[in-house]
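Take a look at the structure below.
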Amino acid sequence: MKTQINGTDILELGFPEGKIIGIALKINSKRNGFTRDEMIAHYKNVLETPENYIDDKIFSKLAVALIEKSNEKPEDFIALNQNPNAYSAYGLDHIEDGARKQMEVAMKLPVTVAGALMPDAHQGYGLPIGGVLATKNAIIPYGVGVDIGCRMALSVYDIPEDFYFENEAKFKKELIANSIFGAGHGFHGQYKSDHAVLENDTFNMNPFVKNLKDKAWSQLGSSGGGNHFVEFGIMEFAQDDAILNIPKGKYVALLTHSGSRGMGATIAGHYTKIAKDECRLPEVAKNLAYLDMNSQLGQEYWLAMNLAGDYASACHEIIHNKMERALGATILAKVENHHNFAWKETWNGEEVIVHRKGATPAGKGVMGIIPGSMTAPGFLVRGKGEENAINSASHGAGRQMSRTQAIKNITQTEMKSILRDHGVTLIGAGLDEAPMAYKDINQVMEAQKELVDVVAKFTPKLVRMADDGSRED
């Protein structure tokens with residue numbers, strides 16, 4: 001019987017990051033007859049005494065991999081810096097140990113210049129989600145993340161709050177008609193969109209990237225699974241904003257969150273594998289393998305990453321253009337920001353590569369959107385340019401429950417109740433995206449007062465997410 005166990009569960013048992021996690025998960029994907037608790041117990045035993053499982057028909061491959069790992073020598077790998085610089089952290093009291101430990105490892109890379117941890121941080125693969133890392137002449141594919149260029153995009157309309165509540169059915173109709181979700185989903189034939197991004201010369205860079213173009217075209221203008229959404233809500237400006245030229249008031253707004261779909265995920269997987277082959281780091285840092293920016297491979301990844309970012313932006317542009325036409329509205333302001341990306345920036349007078357994995361750029365005057373959850377407010381912000389944070393802020397509230405924990409601990413009744421209490425209509429989404437699975441956004445914003453100024457507050461009212469249980473892709 002297949003049991004629900006994910007990579008985080010395996011890591012928490014003490015298994016080393018890397019291919020061993022994949023081996024363990026592959027074993028669990030087969031019908032082995034064990035319950036979840038029995039599988040966890042076996043994993044623990046294999047980790048403690050792998051020699052007892054060498055001939056086991058289910059766990060032998062895992063046991064052999066653990067034994068081989070224990071026999072690796074330090075001189076086989078690039079040495080880590082045992083006296084790293086300290087990193088800045090915000091809201092540290094509410095950040096899990098796993099994220100802290102991952103950040104500590106990232107600071108030991110020989111190419112690391114500086115680091116920071118945002119208040120929404122939680123454990124990921126390699127660099128923690130909410131981690132910011134500046135490196136010298138090196139790019140880390142898993143420091144960028146799988147969903148390359150994932151972003152928030154906001155359109156504030158010249159539509160007053162009352163109009164939304166008087167015409168909610170129309171907004172629901174247009175939301176369903178002009179958005180599509182889920183892993184692998186896309187458009188076909190006459191329903192496919194066109195965009196200048198498809199003419200980008202980078203698609204011809206090499207056969208690998210060129211082969212991604214057809215799928216990219218199909219998925220252009222769609223959203224992924226997991227925590228990606230398209231939603232209408234009320235944007236409240238408590239005072240006039242002269243820079244955006246928006247008077248004090250409440251307006252209907254469209255907020256979208258998604259990334260580079262299958263193309264970005266494929267690029268991430270391809271170049272992460274290459275980086276691990278080219279840059280042999282100790283097991284604890286293996287997912288932080290990097291490519292030299294002076295190398296052909298480093299330049300290839302850099303170009304592919306930027307192409308994926310442009311593609312993600314194009315997806316949002318198409319959604320927002322469709323909705324603008326459907327509503328016949330005038331847009332007062334558009335704001336867009338992205339994470340899961342790397343930028344060339346200046347740090348202490350030298351050029352560095354700043355990786356923001358689940359972190360928002362927050363340079364002086366830079367606009368950003370920091371969402372909460374489907375029932376919690378989001379915030380339109382303006383960066384303060386805090387150098388200790390490497391000009392960054394959180395990209396959201398951050399998870400306080402893993403997807404597995406949320407599904408196990410939250411009921412449909414509880415989720416429906418909180419949606420009703422907040423007056424939110426939800427289309428799609430599973431229990432893994434329940435509001436209770438996320439940290440308190442107000443607590444997160446309090447922890448980063450030094451990093452951003454709040455310009456306006458967004459309150460979700462009509463939310464659409466993937467309803468097929470798919471993860472981000």
Side-chain angles (χ1 to χ4, degrees), residues 139-155 179-181 185-187 192-224 228-230 254-272 291 293 296-324 331 334-345 353-361 363 366-369 392 395 472-473:
I139 183 76
I140 307 168
Y142 254 4
V144 168
V146 174
D147 191 10
I148 299 172
C150 186
R151 64 195 57 221
M152 307 295 306
L154 171 75
S155 289
S179 63
I180 186 171
F181 283 82
H185 289 186
F187 300 95
K192 292 167 83 171
S193 296
D194 198 8
H195 192 280
V197 72
L198 296 173
E199 305 307 316
N200 192 312
D201 285 342
T202 306
F203 273 114
N204 299 313
M205 177 176 68
N206 58 35
F208 164 72
V209 176
K210 190 171 186 177
N211 286 336
L212 300 177
K213 188 172 181 178
D214 284 346
K215 184 174 184 180
W217 188 15
S218 170
Q219 293 189 329
L220 185 63
S222 65
S223 304
H228 295 157
F229 59 77
V230 178
L254 176 73
L255 184 60
T256 55
H257 174 218
S258 62
S260 49
R261 302 300 324 269
M263 182 176 81
T266 306
I267 289 170
H270 178 76
Y271 284 100
T272 293
L291 296 169
M293 285 292 288
Q296 180 181 338
L297 289 169
Q299 285 300 306
E300 273 187 25
Y301 174 76
W302 182 261
L303 291 171
M305 178 197 74
N306 277 278
L307 175 63
D310 290 344
Y311 173 79
S313 183
C315 286
H316 285 267
E317 183 182 339
I318 287 167
I319 296 168
H320 282 250
N321 287 347
K322 283 181 177 179
M323 214 68 77
E324 181 185 1
I331 293 178
K334 271 189 173 182
V335 177
E336 183 177 330
N337 65 263
H338 55 298
H339 46 270
N340 290 3
F341 210 69
W343 291 257
K344 290 181 181 178
E345 297 181 8
I353 306 299
V354 178
H355 304 73
R356 292 186 177 94
K357 186 178 182 183
T360 298
V366 173
M367 300 299 296
I369 310 113
S392 306
H395 79 315
E472 297 96 329
D473 66 342

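Just so you know, residue 1 is the first one in the sequence shown, and it goes up from there. Just so you know, these numbers use all the heavy atoms, side chains as well, and skip hydrogens, waters and symmetry mates. Source: prediction; values computed, not measured.
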* I would like to know whether H316 and E336 meet side chain to side chain donor-acceptor pair (under 3.5 Å); could you show each step before the answer? => CA-CA 9 Å; H316 285 267; E336 183 177 330; over 6 Å; no
* Take C315 and L220 through the test side chain to side chain contact (heavy atoms under 4.5 Å, CB included) and record every step on the way to the result. => CA-CA 5 Å; C315 286; L220 185 63; 4.1 Å; yes
* To do: Please step through side chain to side chain contact (heavy atoms under 4.5 Å, CB included) for the pair T272 and V146, ending with a clear verdict.
  => CA-CA 9 Å; T272 293; V146 174; over 6 Å; no
* Would I353 and K344 count as a side chain to side chain contact (heavy atoms under 4.5 Å, CB included) if you check the C-alpha gap in whole Å, the side-chain angles of each, and the deciding distance to 0.1 Å? -> CA-CA 5 Å; I353 306 299; K344 290 181 181 178; 3.6 Å; yes
* Working for side chain to side chain contact (heavy atoms under 4.5 Å, CB included), residues I148 and F341 -> CA-CA 6 Å; I148 299 172; F341 210 69; 4.2 Å; yes
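S260 and A308 get closest at one heavy-atom pair: CB-O, 3.4 Å. The two residues Q219 and G262 come nearest to each other via the heavy atoms OE1-N, 3.0 Å. The two residues S222 and S258 come nearest to each other via the heavy atoms O-OG, 4.2 Å. Heavy-atom minimum distance, S392 versus R356: OG-NE, 2.7 Å. Taking all atoms of both residues into account, the shortest heavy-atom contact from A304 to V209 is CB-CG2, 4.4 Å. When every heavy atom of I331 is checked against every heavy atom of K334, the shortest pair comes out as CD1-CE, 3.5 Å.
In this view, K322 and N178, F187, S193, I318, R325 satisfy the side chain to side chain contact (heavy atoms under 4.5 Å, CB included) rule, not counting sequence neighbours. The side chain to side chain contact (heavy atoms under 4.5 Å, CB included) search around N200 returns T202, F203, L307, D310, not counting sequence neighbours. With sequence neighbours excluded, the residues that form a ring-ring contact (aromatic ring centres under 6.0 Å, His included) with H270 are F208. Not counting sequence neighbours, the partners of S179 by the side chain to side chain contact (heavy atoms under 4.5 Å, CB included) test are L175, F181, V230, R464. Residues passing the side chain to side chain contact (heavy atoms under 4.5 Å, CB included) test with C150 are D147, H228, H257, H339, N340, sequence neighbours excluded.
Distance check, rounded to the nearest 0.5 Å: CG of L254 to CE of M323 gives 5.0 Å. Distance check, rounded to the nearest 0.5 Å: CZ of R261 to OG1 of T266 gives 11.0 Å. Summarising the geometry, atom OG1 belonging to T256 is positioned 7.0 Å from atom CE belonging to M152; distances are rounded to the nearest 0.5 Å. Atom CG of L212 sits about 12.5 Å away from atom NZ of K210, to the nearest 0.5 Å.
Using modelled atom types and a 3.5 Å distance limit, the side chains of E324 and S155 yield no donor-acceptor pair. Side chain to side chain, H338 and S313 fail the donor-acceptor criterion of an N or O pair below 3.5 Å.
For D201, the CG atom is loosely surrounded, since the number of other residues' heavy atoms within 6.0 Å does not exceed 12. For K192, the NZ atom sits in a packed shell: over 12 heavy atoms of surrounding residues, nucleotides or ligands are nearer than 6.0 Å.
For the pair K213 and Y311, the cation-pi criterion (under 6.0 Å, within 45° of the ring axis) is not fulfilled.
The side-chain hydrogen bond (donor to acceptor under 3.5 Å, both in side chains) pairs that include a residue from residues 298-309 are N206-E300, Y271-E300, Q296-E300, where partners are two or more places apart or lie in different chains.
Under the 4.5 Å side-chain criterion, counting only non-hydrogen atoms from C-beta, I139 is in contact with V144.
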